[in-house]
Amino acid sequence: MRKRLKRDFFTQPTLKLANDLLGKFIVRNWRCKKIVGEIVEVEVYKGPKDRASHSFGGKITKRNRIVYKEGGYIYIYLCYGMHWQLNIVSFLKGKPECILLRALEPKINNLHKKTNENFTNRKSYTLKFPGAHGKLVDVYNLANGPGKLCKYLKLNKSFYGEDLTRSKRIWLEDRGVRIKSSNIIAAKRVGIDYAGYYWSRRKWRFYIKNNPFVSFPRLTSKS
DNA sequence: GTACAGATTGAG
DNA sequence: TCAATCTGTACT
């Protein structure tokens with residue numbers, strides 16, 4: 001089952017959509033190949049009340065204007081001058097809310113077939129496969145963070161405003177995976193302590209329980 | 001025009 | 001623990 005997700009999926013209320021995104025597949029058409037990943041970790045930004053959101057206070061800028069559209073568009077921006085961050089605009093037109101994709105479980109063709117010859121199974125979480133230039137790449141470190149995720153999917157500024165329901169180079173699919181709510185962990189968002197006690201402690205980061213592909217952010221302060 | 005901080009990452 | 005690297009935003 002491979003069903004492309006349509007507008008009605010993306011216009012769901014943001015917190016509901018965030019939970020529904022877990023287990024969905026993101027597909028990137030790149031040079032006649034498909035780069036695929038299963039979404040395993042997301043984070044909600046619910047402006048204009050949310051102090052951590054780029055649309056806090058109803059602010060509209062050239063950068064964030066896309067989040068005022070209805071759900072299904074891509075909001076992508078550069079962070080720290082070098083890392084792209086992929087967000088999916090959610091909910092209704094005029095509601096500036098979005099969901100940051102933080103980690104994917106990469107789906108690589110013939111992963112298991114190749115395992116016998118080229119893969120080395122070391123510790124529990126170090127599965128490796130030969131990358132583009134013959135170099136060994138750790139699958140678990142390929143898309144376990146918002147910046148690395150964009151690198152894996154080969155995304156850049158040109159995807160700003162891309163419509164996930166129509167685009168020929170990137171879209172989302174339902175492949176029949178269902179994540180039970182008891183297997184979804186809600187946690188504090190990452191890297192937004194500047195938003196103050198109330199907003200930074202909201203548990204709007206969601207990830208699949210026990211999934212080894214989620215990001216492991218360093219603890220900068222007490223959790 | 002200028003100053004500054006940031007929804008991160010990988011190296012030391 | 002720290003620097004890389006650039007753009008939006010809020011000032012002068």
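Proteins come first, then strands; the chains are lettered A, B, ... in the order of their sequence lines, and each starts at number 1.
For the pair A:Tyr80 OH and B:dG6 C1', the interatomic distance rounds to 5 Å; values are reported in whole Å. Nucleotide C:dA4 holds its P atom 16 Å from the CG atom of A:Leu78, rounded to whole Å. Taking atom NE2 of A:His83 as the reference point, atom C1' of C:dT7 lies 14 Å away to the nearest angstrom. For the pair A:Trp84 CH2 and C:dT5 C1', the interatomic distance rounds to 12 Å; values are reported in whole Å. Counting to the nearest Å, the P atom of C:dT7 and the CG atom of A:Asn156 are 13 Å from each other. When the P atom of B:dT9 is taken as reference, atom CG of A:Leu149 falls 9 Å away, rounded to whole Å. The interatomic distance linking A:Asp193 (CG) with B:dT8 (P) rounds to 11 Å, in whole Å. Between the CZ atom of A:Arg102 and the P atom of B:dT8 there is a distance of 6 Å, rounded to whole Å.
Between A:Arg189 and A:Asp50, at least one side-chain N (NZ, or NE/NH1/NH2) sits under 4.0 Å from a carboxylate O, which counts as a salt bridge. Ion pair A:Glu173/A:Arg175 flagged as a salt bridge, since at least one NZ, NE, NH1 or NH2 atom sits closer than 4.0 Å to an Asp/Glu carboxylate oxygen. Ion pairing of A:Arg178 with A:Asp174 is present here, as a side-chain N (NZ or NE/NH1/NH2) and a carboxylate O approach within less than 4.0 Å.
The residue A:Asn87 sits close to a base: some heavy atom pair falls under 4.0 Å. Residue contacts shown for A:Arg189 are absent, as no nucleic acid heavy atom lies under 4.0 Å away.
Near DNA chain C, meaning a heavy atom under 4.0 Å from it, residues 37-63 of chain A has A:Thr61, A:Arg63 in order of number.
With C1' as the reference atom, B:dG10 and C:dT7 are 22 Å apart, rounded to whole Å.
Closest to the side chain of A:Tyr77, out of B:dG10, B:dT8, B:dA7, is B:dA7. Taking only side-chain atoms of A:Tyr75, from C-beta outward, the nucleotide of B:dA7, B:dT9, C:dT5 with the closest atom is B:dA7.
One finds the CG atom of A:Leu142 at 9.0 Å from the NZ atom of A:Lys148 (value rounded to the nearest 0.5 Å). Taken from CZ in A:Arg7 to CD in A:Gln12, the straight-line distance is 13.5 Å, to the nearest 0.5 Å.
Put simply, A:Leu92 and A:Val89 are part of two different groups of oily side chains (I, L, V, M, F, W, Y) that touch within less than 4.5 Å, one to the next.
When the side-chain nitrogen and oxygen atoms of A:Arg205 are compared with OP1 and OP2 of B:dA7, none of them lie within a distance under 4.0 Å.
Heavy-atom distances to DNA chain B give each of A:Lys151 and A:Tyr194 a nearest nucleotide, and the one nearer the 5′ end belongs to A:Tyr194.
Ring centers of A:Tyr73 and A:Tyr75: at least 6.0 Å apart, outside the cut-off.
Partner assigned to B:dA3 is C:dT9, using Watson-Crick or G-U wobble distances below 3.5 angstrom.
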